[in-house]
Number of protein chains: 2
Amino acid sequence: MRRADRLFEIIETMRSTTKAVTAAELSHELGVSERTIYRDISGLQGQGVPIEGEAGIGYVLRPGFHMPPLMFTIEELEAIVLGARLAGQRADKDLQKAADRVLSKVKSVIPDQMQSRMDRIPLYAPPTYWPSHNAGEMALIRECIRKEIKISIDYSDLKENVTTRIIWPVAVAFFAESTLLAAWCELRNDFRHFRIDRMQQVRTLEERFNGGGGRLLQSWERQVTGKNR
Amino acid sequence: MRRADRLFEIIETMRSTTKAVTAAELSHELGVSERTIYRDISGLQGQGVPIEGEAGIGYVLRPGFHMPPLMFTIEELEAIVLGARLAGQRADKDLQKAADRVLSKVKSVIPDQMQSRMDRIPLYAPPTYWPSHNAGEMALIRECIRKEIKISIDYSDLKENVTTRIIWPVAVAFFAESTLLAAWCELRNDFRHFRIDRMQQVRTLEERFNGGGGRLLQSWERQVTGKNR
DNA sequence: ATCACTACTGACATATCCTGTCAGTAGCAT
DNA sequence: ATGCTACTGACAGGATATGTCAGTAGTGAT
């Protein structure tokens, strides 16, 4: 049995029982070694499948693997659709695809009668004709924020001076005119904001930084709201 | 990207669109050759996934494939949160509240560990400092679109000439610089676009119009996309 | 009828990555 | 303390996934 098929099989097996399933059972059932099962499960978890393993117990598929039916009002659907369209226009290709998937997932969990209305929601986000450059890098940047990976950028400021900086990316702000990356700048030893379209080059580094479980983000938020007030 | 991941990707891609998807598109999107796509799809079909292919057309996922969708991924949550924030900034108070309710509903169905991550999604839509006037009327306008109620507006054009028109509102377009209402104009007997912030007054009428179950919207879409080409 | 586009199949050499084996660490329940 | 289990790392060999090339056939538009 090929790996690709096996992954589907594992999900189905776990879905069909409420008890915990051990790696040994799965390995016997599917005719592969335990080591392979551990690798498969790790792969599934990496794809977001909520399998939880506990030593001494086994694996359980957390409820929350499938989306339960959801009820939205027509106005809430308008908000979702408009939001997905706006986000799709402003952000990168990957996020745009994610927004599309959100719409299709939402559509498939709401009652039938709502589904047809969802296609006809008359709120549009037309393409912006001043596409921010480096939108392609934004997917990478988002990933680095999530994984807390340092990046190095060549940044050209207002006077066209180019500096190379190592920064710790923490947040992205979608202003109407431009898109800004907020980051801790090792050069300035403080938070700085960088326009995505002024980044000449974006390189991910091996090194990671410690965001303190959101504390870095919080201290940035404090600094920004403090200044703006 | 590994084959096992790709198969899930293909399903999600096909689920997220109603149009047919060609092997060439998939191959480009996933970074593999067309030959591999054909092999992947053949594999999925072998596992019972109802993908249908037609020469000259592409692939479609047969409706009735009603596997409940998988839970949102982190990236999809990012799209939802950013979308809600953008929509909340651009639209009216009511829609903003609806967007908030969407977030809390979504939050209530996702696994615990995801909930805390959702609060810390670092994508922001800062307030626009050129608030479109009459945003307050937008909730009313959206309602009239839904219920197909005629409205009367006093509209001031580029030269400050004010005209009073009876219009049939069909759609709202959120451009970067302004927000436009698309409507059938009884005065001009054609579709016209009105900037929300140029409307002096908005009055709902008793009379309703017949949108033909989306046909009016469609004919507007045709006209707009035709002109843009 | 022709053309452009597309799904689909087969063959084959190559390189990828999947797999089992072995070894070891650590958490949970009894 | 013991047994069960999840989990990780290293490594070598082999299964298999992949790209390339070539070709057939169906669909829709002109």
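In what follows, chains carry the letters A, B, and so on, assigned in the order in which the sequence lines appear, proteins first and then strands, with residues in each chain numbered from 1.
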Starting at atom [atom1] of [X], determine the distance to atom [atom2] of [N], rounded to an integer number of angstrom.
X	N	atom1	atom2	answer
A:Y38	C:dT25	OH	P	16 Å
B:E34	D:dG23	CD	P	17 Å
B:H28	D:dG19	NE2	P	14 Å
A:I51	D:dT5	CD1	C1'	16 Å
B:I10	D:dA17	CD1	P	13 Å

message: Taking any heavy-atom pair under 4.0 Å as a contact, classify B:E54: base, sugar-phosphate, or nothing.
response: sugar-phosphate
Would you call [X] and [Y] a salt bridge, using N to O less than 4.0 angstrom?
X	Y	result
B:D190	B:R192	yes
A:E76	B:K105	yes
B:R142	A:E78	yes
A:E9	A:R6	no

Counting heavy atoms from C-beta on, name the nucleotide in [options] closest to the side chain of [X].
X	options	answer
B:A55	D:dG28, C:dA29, C:dT6	C:dT6
A:D40	D:dG28, C:dA7, C:dT19	C:dT19
A:R35	C:dC22, C:dA29, D:dA6	C:dC22
B:R6	D:dA17, D:dG19, D:dA6	D:dA17

message: Does B:R39 contact D:dG19 through a side-chain donor or acceptor facing the base, at a distance under 3.5 Å?
response: yes
For [N], take OP1 and OP2 only and decide whether either is under 4.0 Å from a side-chain N or O of [X].
X	N	answer
A:Y59	D:dC7	yes
B:T36	D:dG19	yes
A:R3	C:dT16	no

